[in-house]
Amino acid sequence: MDTICLPAGEESLKQAAALLRAGQVVAFPTETVYGLGADALNDEAVRAIFAAKERPADNPLIVHVAERSQLEGLCRVTPTAETLMDAFWPGPLTLLLMKTDRVPGVTTAGLPSVAVRCPSHPVAHALLKECGIPIAAPSANRSGRPSPTTAQDVYEDMQGRIPFILDGGACDVGVESTVLDLTGEIPCVLRPGAITAEDVASVVGNCTVAPSVMRPLKEGESAPSPGMKHRHYAPKAKMTVYIGTNEAVSAAINERYDWNDNAVILAHSSAMPLFGNRRVFSLGDTPQEGAHLLFRRLREMDALNVSLILAQGWKPEGEALAVMNRMARAAAFDLVEL
Ligand code: AMP
Ligand code: MG
């Protein structure tokens with residue numbers, strides 16, 4: 001199969017929407033990462049997403065809509081969900097709600113709940129509006145690779161596997177949406193993203209964070225969100241994440257850095273002068289800049305075939321929880337707090 005990649009425009013959007021309506025798979029930009037979309041209510045189309053990604057069938061997909069009214073008949077929208085949609089939609093917040101029979105089991109990996117989101121990216125919004133159907137879309141990477149934040153990343157992973165990629169430039173946020181479980185008594189963040197637990201609590205009064213967000217699952221512990229049990233965001237290299245002041249982190253990394261290893265450092269911009277002439281790349285200074293750059297850097301490190309990544313992280317709380325959840329998983333939870 002040839003994979004066509006076109007800049008998003010009036011014509012290419014129409015072409016992409018027609019493919020989606022015909023049950024094909026199309027990659028498109030969102031404000032978080034690129035998505036791999038297909039008709040969420042069409043079993044065959046959804047199976048084609050799993051095949052293109054080589055994604056395990058027990059890892060459910062997020063259903064994307066252009067507007068709230070499209071959720072009618074798909075899931076039970078609770079008053080808490082309404083309040084959160086008022087506050088954060090369109091945007092990087094995915095809500096878990098109880099599904100109806102209209103949503104096929106293949107989309108939700110057999111779960112009774114469905115994840116729904118309304119993206120704010122103008123291209124995603126225009127595409128969803130143009131095709132008029134709910135679109136199931138996981139991140140557009142091959143399973144086990146970092147999520148794609150540019151159309152080139154998608155092409156790298158999906159060339160020959162899908163017919164069409166809409167290019168909308170680099171994604172703003174850079175990590176996937178917040179997944180918030182609304183099926184229990186208290187809203188619970190299963191996957192941290194740009195909308196924080198504090199943001200949610202400020203609107204609905206209460207919000208918890210699943211403990212497995214910053215630690216590996218224990219033996220026999222079931223994953224609250226199936227994505228968490230799969231190997232995720234893993235670079236080819238071994239990786240350690242250091243958390244502390246620029247001085248403490250640079251001292252620890254410089255001590256560990258061995259010139260004979262094919263090692264690289266990922267550091268905050270402000271710390272970069274502290275590493276002498278060792279090989280160092282920037283992760284920006286704020287957790288948001290880190291989120292925006294992390295997956296790009298991990299892909300670059302894979303392409304450079306480095307064997308060791310020594311990275312500077314942030315304290316895993318508040319706005320930094322999203323980027324730290326991905327850094328921790330990329331490092332197989334090898335975190336050093338200084
Ligand atoms: P992706 O879009 O590739 O980031 O994958 C979507 C993620 O959302 C999955 O890996 C799950 O962790 C989560 N998710 C989607 N649907 C559900 C659901 N019904 N219950 C729990 N988690 C879900
Ligand atoms: Mg993914």
Side-chain angles (χ1 to χ4, degrees), residues 25 27-38 40 46 49-65 71 74-77 81 92-119 121 124 134-149 153-154 157-158 162 171 173-184 187-195 209-210 212-213 217 222-234 291 294-295 298-299 322-323 325-326 329-330:
V25 176
F28 61 96
T30 81
E31 69 276 23
T32 58
V33 300
Y34 273 72
L36 197 60
V46 172
I49 297 178
F50 282 92
K53 275 183 71 83
E54 296 173 36
R55 181 175 175 106
D58 64 352
N59 196 358
L61 310 182
I62 295 171
V63 175
H64 294 69
V65 293
L71 296 178
L74 299 186
C75 55
R76 200 156 54 81
V77 178
L93 178 66
T94 295
L95 302 176
L96 276 189
L97 298 166
M98 294 311 288
K99 82 173 190 78
T100 68
D101 289 343
R102 272 192 68 209
V103 182
V106 56
T107 302
T108 64
L111 293 168
S113 55
V114 61
V116 293
R117 170 164 121 80
C118 177
H121 193 291
I135 295 296
S139 51
N141 52 290
R142 250 186 294 142
S143 224
R145 296 265 293 149
S147 293
T149 55
D153 293 346
V154 179
D157 279 18
M158 289 297 152
I162 61 169
C171 300
V173 177
V175 294
E176 305 85 342
S177 59
T178 306
V179 174
L180 186 71
D181 185 357
L182 293 181
T183 64
C188 178
V189 171
L190 304 185
R191 177 176 76 182
I195 311 274
V209 178
S212 48
V213 158
L217 288 171
S222 70
S225 188
M228 286 194 189
K229 74 170 183 247
H230 293 287
R231 189 166 175 270
H232 228 173
Y233 320 120
L294 178 68
F295 287 143
L298 292 182
R299 280 180 177 263
V323 65
N325 166 270
R326 277 68 174 186
R329 283 179 157 65

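Atoms within each ligand, like the ligands themselves, are counted from 1 in listed order. Everything quoted here is computed from the prediction, not taken from an experiment.
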Between CZ on residue Arg76 and CG on residue Leu182, distance to nearest 0.5 Å: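 CG of Leu182 is found 11.0 Å from CZ of Arg76.
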Euclidean distance, Leu96 CG relative to Ile62 CD1, rounded to 0.5 Å: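 Ile62 CD1 to Leu96 CG: 8.5 Å, rounded to 0.5 Å.
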Apply side-chain hydrogen bond (donor to acceptor under 3.5 Å, both in side chains) to residues Glu176 and Ser139 and explain how you reach the verdict. CA-CA 8 Å; Glu176 305 85 342; Ser139 51; 4.8 Å; no
Tell me which one of Met98, Arg55, His64 gets a heavy atom nearest to atom 3 (O) of ligand 1.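 It is Arg55 that holds the nearest heavy atom.
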Out of Gly193, Pro60, Pro56, whose heavy atom is nearest to atom 23 (C) of ligand 1?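 Minimum heavy-atom distance to atom 23 (C) of ligand 1 goes to Pro60.
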Atoms of ligand 1, numbered as shown, that sit under 4.0 Å from any heavy atom of [X]:
X      : answer
Leu111 : 18 (C), 19 (N), 20 (N)
Ser139 : 1 (P), 2 (O), 3 (O)
Ala115 : 15 (C), 16 (N)

For Leu96, state whether at least one heavy atom is located under 4.0 Å from any atom of ligand 1.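 Right, Leu96 reaches ligand 1.
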For Asn59 and ligand 1, does the shortest N/O to N/O distance drop below 3.5 Å?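 Among all N and O atoms of Asn59, at least one is under 3.5 Å from an N or O of ligand 1.
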Any N or O on Glu176 sitting closer than 3.5 Å to an N or O of ligand 1?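 No, there is no polar N/O contact under 3.5 Å.
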Might you point out which heavy atoms bring Ala136 and Ile49 nearest each other, and give the distance in Å?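 Closest approach of Ala136 to Ile49: O-CD1, 3.3 Å.
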Main chain of Gly174, side chain of Thr149: is a donor-acceptor contact present, judged purely on distance under 3.5 Å?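 No; zero donor-acceptor contacts below 3.5 Å.
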Indicate yes or no for a side-chain donor-acceptor contact from Arg55 to the backbone of Pro60 under 3.5 Å, with no hydrogens or angles considered.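 Between the backbone of Pro60 and the side chain of Arg55 there is a qualifying donor-acceptor contact (under 3.5 Å).
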Hey, is the Mg ion (ligand 2) within less than 2.8 Å of some N/O/S atom on Ser139?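 It does: Ser139 brings an N, O or S atom closer than 2.8 Å to the Mg ion (ligand 2).
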Where's the contact between Thr94 and ligand 1, heavy-atom distance under 4.0 Å: side chain, backbone, both or neither?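 Looking at Thr94 and ligand 1, no heavy atom falls under 4.0 Å.
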Taking Glu54 first and then Arg145, would you say they form a salt bridge - that is, a charged N and a carboxylate O separated by under 4.0 Å?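 Result for this pair is no, no salt bridge flagged.
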